[in-house]
Amino acid sequence: MEKRPVCKRCLLAESGNTDLAATLEELKAALSPEEKTDDSEYERRLSICKRCDHLNDGTCGKCGCYVEFRALKKRMGCPHEKKKW
Ligand code: SF4
């Protein structure tokens with residue numbers, strides 16, 4: 001099996017990992033509006049992650065979560081000690 005190169009600053013949606021990208025879409029569809037971050041806040045959170053040194057191949061080096069999953073839930077926050085979002 002051919003290994004894909006690691007893209008440190010890629011999000012799941014950009015990584016080519018179709019299984020995880022599909023799971024992300026399923027989660028987005030399953031969350032209620034009360035639970036889900038609105039689109040503009042979701043994009044704001046991810047744009048901060050994309051500029052963060054702790055992003056590594058879609059995961060946050062501070063907590064190990066996929067940042068797109070973490071950013072999707074309104075109640076979740078950035079785990080960095082200086083809380084970036
Ligand atoms: S530390 Fe915060 S901003 Fe950085 S990748 Fe993790 S969740 Fe995103």
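Numbering of ligands and ligand atoms starts at 1, following listing order.
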Rounded to the nearest 0.5 Å, how far does SG of Cys60 lie from CZ of Arg70? 6.5 Å
What distance do Thr37 atom OG1 and Arg44 atom CZ have between them, rounded to the nearest 0.5 Å? 10.0 Å
For the student: nearest non-hydrogen atoms of Arg45 and Lys74, plus distance: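 Taking every non-hydrogen atom into account, NH2-O, 3.3 Å.
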Residues Thr23, Glu26; criterion side-chain hydrogen bond (donor to acceptor under 3.5 Å, both in side chains); working and verdict: CA-CA 5 Å; Thr23 302; Glu26 285 170 18; 5.0 Å; no
Quick one: name the protein N/O/S atoms under 2.8 Å from atom 6 (Fe) of ligand 1, chain by chain.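 N, O, S partners closer than 2.8 Å: Cys60 SG.
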Ion pair Glu14/Arg9, N-O distance below 4.0 Å: no
Which atoms from ligand 1 have a heavy atom of Trp85 less than 4.0 Å away?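 This gives 3 (S), 7 (S), 8 (Fe) as the contact atoms.
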Take atom NZ in Lys50; do more than 12 heavy atoms of anything else shown fall under 6.0 Å from it?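 Yes, because the 6.0 Å sphere around NZ of Lys50 holds more than 12 heavy atoms from other groups.
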